[in-house]
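Worksheet: the structure to be examined is printed underneath.
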Amino acid sequence: MRTETDKMLAGELYDPLDPVLVRMRERARYLCQDLNATRERDQEARRRILTQLFGRGGESVWMQPPFFCDYGSNILLGERVFFNFNCVVLDVCLVKIGDFTLFGPAVQIYTATHPTNAELRRKQEYAKPVDIGSDVWVGGGAILCPGVKIGSKVVIGAGSVVTRDIPDGVFAAGNPCRIIREIHE
């Protein structure tokens with residue numbers, strides 16, 4: 001029989017009150033609280049916490065707390081990813097982030113979503129993974145919605161709401177986010 005964790009990671013309906021999932025979220029909350037209580041001089045403690053928190057990439061991520069996430073273990077980072085202040089990642093499904101990607105302050109990444117049927121929504125939820133390429137810059141206050149894929153060498157304008165996939169090498173902005181122009185280096 002499949003566990004609620006298996007269902008969650010597969011993007012299927014699952015019970016978020018499953019005791020195993022509750023414990024996993026508590027672990028992430030405690031790690032985030034510890035991270036958010038560190039000071040700039042506590043770089044060794046931050047690195048230890050980030051390595052425990054993330055599924056991959058904690059050893060090279062550059063983090064400006066506060067930071068918040070659901071599980072942490074479902075966040076897979078490439079090399080030297082940067083999170084500015086107040087970022088939130090609802091990592092119910094996998095969140096893959098490529099090398100040298102930068103997130104401005106208050107960026108939010110959501111994999112979690114809910115059924116439109118009210119009865120079902122009372123007991124279950126589901127998620128869709130988010131995949132972000134390398135060398136991406138996401139401007140402050142942007143929101144990345146469940147299931148989006150953002151290509152490499154992309155710039156997402158501040159305050160954008162990304163509801164659809166964005167291909168490689170473009171500047172995209174707005175609500176909903178749309179391609180403004182290609183980026184020529």
Side-chain angles (χ1 to χ4, degrees), residues 8-9 11 28-29 31-32 35-36 38 40 43 46 49-50 53-116 125-185:
M8 178 183 81
L9 291 172
R29 299 292 191 297
L31 288 169
C32 285
L35 172 70
N36 296 338
T38 63
E40 285 302 307
Q43 293 301 314
R46 279 188 188 171
I49 294 164
L50 292 166
L53 180 63
F54 293 127
R56 183 181 72 216
E59 59 283 337
S60 70
V61 65
W62 179 13
M63 174 72 64
Q64 292 294 309
F67 175 83
F68 305 93
C69 65
D70 274 334
Y71 295 93
S73 58
N74 299 326
I75 301 171
L76 307 178
L77 304 175
E79 290 295 314
R80 296 200 37 210
V81 171
F82 172 71
F83 288 96
N84 211 322
F85 303 101
N86 267 332
C87 288
V88 175
V89 182
L90 301 185
D91 61 316
V92 174
C93 256
L94 286 180
V95 175
K96 295 179 185 174
I97 301 170
D99 299 339
F100 303 102
T101 290
L102 312 173
F103 296 98
V107 168
Q108 299 177 50
I109 303 170
Y110 305 149
T111 65
T113 190
H114 303 276
T116 54
E125 60 185 45
Y126 67 103
K128 296 178 183 178
V130 171
D131 195 339
I132 302 165
S134 296
D135 296 299
V136 174
W137 173 23
V138 180
I143 297 172
L144 310 183
C145 291
V148 299
K149 292 180 182 176
I150 296 174
S152 293
K153 297 184 178 181
V154 167
V155 175
I156 303 293
S160 296
V161 178
V162 182
T163 60
R164 295 187 187 108
D165 293 354
I166 304 293
D168 291 346
V170 298
F171 169 64
N175 182 4
C177 189
R178 63 191 176 288
I179 297 168
I180 306 298
R181 62 180 169 81
E182 288 185 17
I183 297 173
H184 302 285
E185 297 194 24

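For the numbers below, each heavy atom of this structure counts, side chains included, while hydrogens, waters and symmetry mates do not.
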Residues in salt bridge (Lys or Arg N to Asp or Glu O under 4.0 Å) with E182, at least two apart? none
By ring pair (Phe, Tyr, Trp, His ring centres under 6.0 Å), which residues pair with F83, not counting sequence neighbours? F67, F103
Under 4.5 Å between any side-chain heavy atoms of [X] and [Y], yes or no?
| X | Y | result |
| --- | --- | --- |
| N86 | P66 | yes |
| D135 | K153 | yes |
| I179 | P167 | yes |
| S152 | D168 | yes |
| F82 | Q64 | yes |

Spacing of CD1 belonging to I166 relative to CD1 belonging to I156, to within rounding of 0.5 Å: 5.0 Å
So, taking the atom named SG in C69 and the one named CG in L90, what distance separates them when rounded to the nearest 0.5 Å? 9.0 Å
Would you sort out whether I132 and I109 count as a side-chain contact (heavy atoms from CB on, under 4.5 Å), showing the intermediate values? CA-CA 10 Å; I132 302 165; I109 303 170; 4.1 Å; yes
Looking at [Y], is its backbone amide N or carbonyl O close enough to the side chain of [X] to form a donor-acceptor pair, meaning the two atoms are under 3.5 Å apart?
| X | Y | value |
| --- | --- | --- |
| N74 | C93 | no |
| D99 | E79 | yes |
| S134 | G98 | no |
| T111 | P146 | no |
| D70 | V92 | no |
| T38 | Q43 | no |

Given side-chain contact (heavy atoms from CB on, under 4.5 Å), test K96 with K149 step by step and report yes or no. CA-CA 10 Å; K96 295 179 185 174; K149 292 180 182 176; over 6 Å; no
Which atom names give the shortest non-hydrogen contact between D91 and Y71, and what distance separates them? OD1-N, 2.8 Å
